[in-house]
Amino acid sequence: MLRVLAVDDEKPLLEELLYLLRSDPRVRSAEGASDATGALRRITRALEGGPDGPDGIDVVFLDIQMAGLTGLDIARLLSGFARPPLIVFVTAHEGFAVQAFDLKAVDYVLKPVRPERLAEAVRRARALLGRPDGAQPAPEPAVPDLRTPVPPAGAEAGAGAGAGAVERVPEQIAVELGGVTRFVAIADIAYVEAQGDYARLHTDGGSHLVRIPLSTLEERWAARGFVRIHRRHLVALGRIDELRMEAGTTSVRVGPAELQVSRRHARDLRDLLMRRATG
């Protein structure tokens, strides 16, 4: 069972977080700290006694924006220790996700905190500590992933053996922000940008962050005409307005954005665009 410390400088939010953690049967104890100073004092005591000591802490559930030191500052300090507790960030802001995962955070939970979302963070922490919950189905990703593909009409017949069965690529992707889940049409996405463990989906109306590796989206959306042009970018072929090749570099214009194309992808991309243009 886990020993956890929750840190938040807003008392009502801290109390709610502690209530949810203490309600989880996988959590042995849950303590709270209302500021960075108190949190560091408690964590220092845990580190001095060692992870197996009576004051040990397995996981810190950490707010980011606090008076004085931020949650990111605390995580940076802890990264200097040989065996620090795991970190789960709990915040109302999605903009710190890349920094959080650069600091080896286990998870990034957005406020308002949903019990099932917090339970997933606890599961992830237990798995990393070698204390799995037991035999379970494959876990769903922390941030909503693509919805389960739906077989096309008429595919049920003969699909039992799996041979020749065709699955339709989902029409939408689920995006979560602050407890609200939106469904973004894949057809509306012009390009995708890698941001650490996340991917940022760019549409005409804005952008959305999902915790799905770019390589996964590349594989799943190939049938929809998305191609890799760079280690950081995946682009919808039909949204490319211009291909520019000059001074030994290649780039594409996708709406107002100009994206670099790596050398290894340049020739294949040009061939794909030419075949698409000539039918």
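Values below: all heavy atoms of this structure, side chains included; hydrogens, waters and symmetry mates excluded.
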Check whether any side-chain N or O of Arg26 sits under 3.5 Å from a backbone N or O of Ala119 as a donor-acceptor pair, and report yes or no. yes
The salt bridge (Lys or Arg N to Asp or Glu O under 4.0 Å) partners of Asp102 (sequence neighbours excluded) come to none
Same cluster or not: Ile57 versus Leu77, using hydrophobic residues (I, L, V, M, F, W, Y) connected whenever any side-chain heavy atoms lie under 4.5 Å apart? yes
Does Val184 belong to the same Ile/Leu/Val/Met/Phe/Trp/Tyr cluster as Leu214, with side-chain heavy atoms less than 4.5 Å apart forming each link? yes
Cluster link Leu13 to Val113, ILVMFWY, side chain under 4.5 Å: no
In Val27, Leu2, Leu86, Leu5, the residue satisfying side-chain contact (heavy atoms from CB on, under 4.5 Å) with Asp58 is Leu2
From Glu16 atom CD to Leu21 atom CG, the distance as rounded to the nearest 0.5 Å: 10.0 Å
How about Ile189 and Ile173: do any of their side-chain heavy atoms sit closer than 4.5 Å? yes
Output the distance between atom CD (Gln260) and atom NE2 (His265), rounded to the nearest 0.5 Å. 13.0 Å
Ile74 and Leu78: CA distance, side-chain angles, deciding distance, side chain to side chain contact (heavy atoms under 4.5 Å, CB included) verdict: CA-CA 6 Å; Ile74 294 175; Leu78 294 181; 4.1 Å; yes
Kindly compute the distance separating CZ (Arg232) from CD (Gln195), expressed to the nearest 0.5 Å. 7.0 Å
Nearest heavy-atom neighbours spanning Leu18 and Glu31: CD2-O, 3.3 Å
Nearest heavy-atom pair of Gly95 and Tyr108: which atoms, and what distance? N-OH, 4.1 Å
Quick check: closest heavy atoms across Pro84 and Leu47, and the distance to 0.1 Å? CA-CD2, 4.1 Å
Within 6.0 angstrom of Arg76 CZ, more than 12 heavy atoms from elsewhere: yes
Could you grab the distance from atom CD1 of Ile186 to atom OG1 of Thr203, nearest 0.5 Å is fine? 13.0 Å
Report yes if some heavy atom in the side chain of Leu14 is under 4.5 Å from a heavy atom in the side chain of Asp9; otherwise report no. no
Taking atom CZ of Arg224 and atom CH2 of Trp221, what is their separation to the nearest 0.5 Å? 9.0 Å
Does this structure show an ion pair linking Arg22 with Glu15, if we count only N-O contacts that are shorter than 4.0 Å? no
So, does Arg117 use its side chain to make a donor-acceptor pair with the main chain of Leu110 at under 3.5 Å? no
Short question: side chain of Arg41, backbone of Thr44 - any donor-acceptor pair under 3.5 Å? no
Enter the distance from Ser262:OG to Ile229:CD1 here, rounded to the nearest 0.5 Å. 8.0 Å
Name all residues meeting the salt bridge (Lys or Arg N to Asp or Glu O under 4.0 Å) criterion together with Asp241; count only those two or more places apart in sequence or in a different chain, and write none if there are none. Arg253
With Ala257, which residues qualify under side-chain contact (heavy atoms from CB on, under 4.5 Å), at least two apart? Tyr191, Leu259
Counting only heavy atoms not in Glu219 (residues, nucleotides, ligands), do more than 12 fall under 6.0 Å from its CD? no
How far apart are the closest heavy atoms of Arg124 and Asp107, and which atoms are they? CD-OD2, 3.2 Å
Are Val98 and Ile212 connected in the hydrophobic side-chain network, where two residues link if heavy atoms are under 4.5 Å apart? no
Salt bridge or not between Arg244 and Glu242? Use side-chain N to carboxylate O under 4.0 Å. yes
Is there a side-chain contact between Arg42 and Val60, using heavy atoms and a 4.5 Å cut-off? no
Test side chain to side chain contact (heavy atoms under 4.5 Å, CB included) applied to Val175 and Leu209, step by step: CA-CA 7 Å; Val175 177; Leu209 200 65; over 6 Å; no
So salt bridge (charged side-chain N to carboxylate O under 4.0 Å, His left out) across residues 265-274, not counting sequence neighbours, yields none
Quick check: do Val106 and Leu128 have side-chain heavy atoms less than 4.5 Å from each other? yes
Can you list the residues that meet the salt bridge (Lys or Arg N to Asp or Glu O under 4.0 Å) rule with Glu10, with sequence neighbours excluded? none
If you compare all heavy atoms of Gly38 against all heavy atoms of Ala33, which two are closest, and at what distance to 0.1 Å? C-CB, 4.1 Å
With the side chain counted from C-beta on, respond yes when Leu118 and Asp24 share a heavy-atom pair under 4.5 Å apart, and no when they do not. no
Show me the donor-acceptor pairs, under 3.5 Å and distance only, between side chains in residues 61-72 and residues at least two apart or in other chains.
residue: Asp63; atom: OD1; partner: Lys111; partner atom: NZ; Å: 3.4
residue: Gln65; atom: OE1; partner: His93; partner atom: NE2; Å: 2.7
residue: Thr70; atom: OG1; partner: Leu72; partner atom: N; Å: 3.3
residue: Thr70; atom: OG1; partner: Asp73; partner atom: N; Å: 3.1
residue: Thr70; atom: OG1; partner: Asp73; partner atom: OD2; Å: 3.2

Would Leu20 end up clustered with Val4 when hydrophobic side chains under 4.5 Å apart are linked, directly or stepwise? yes
Salt bridge Arg45-Glu48, side-chain N to carboxylate O under 4.0 Å: no
Minimal heavy-atom distance between Arg200 and Ser207, with the atoms involved, is NH1-OG, 2.9 Å
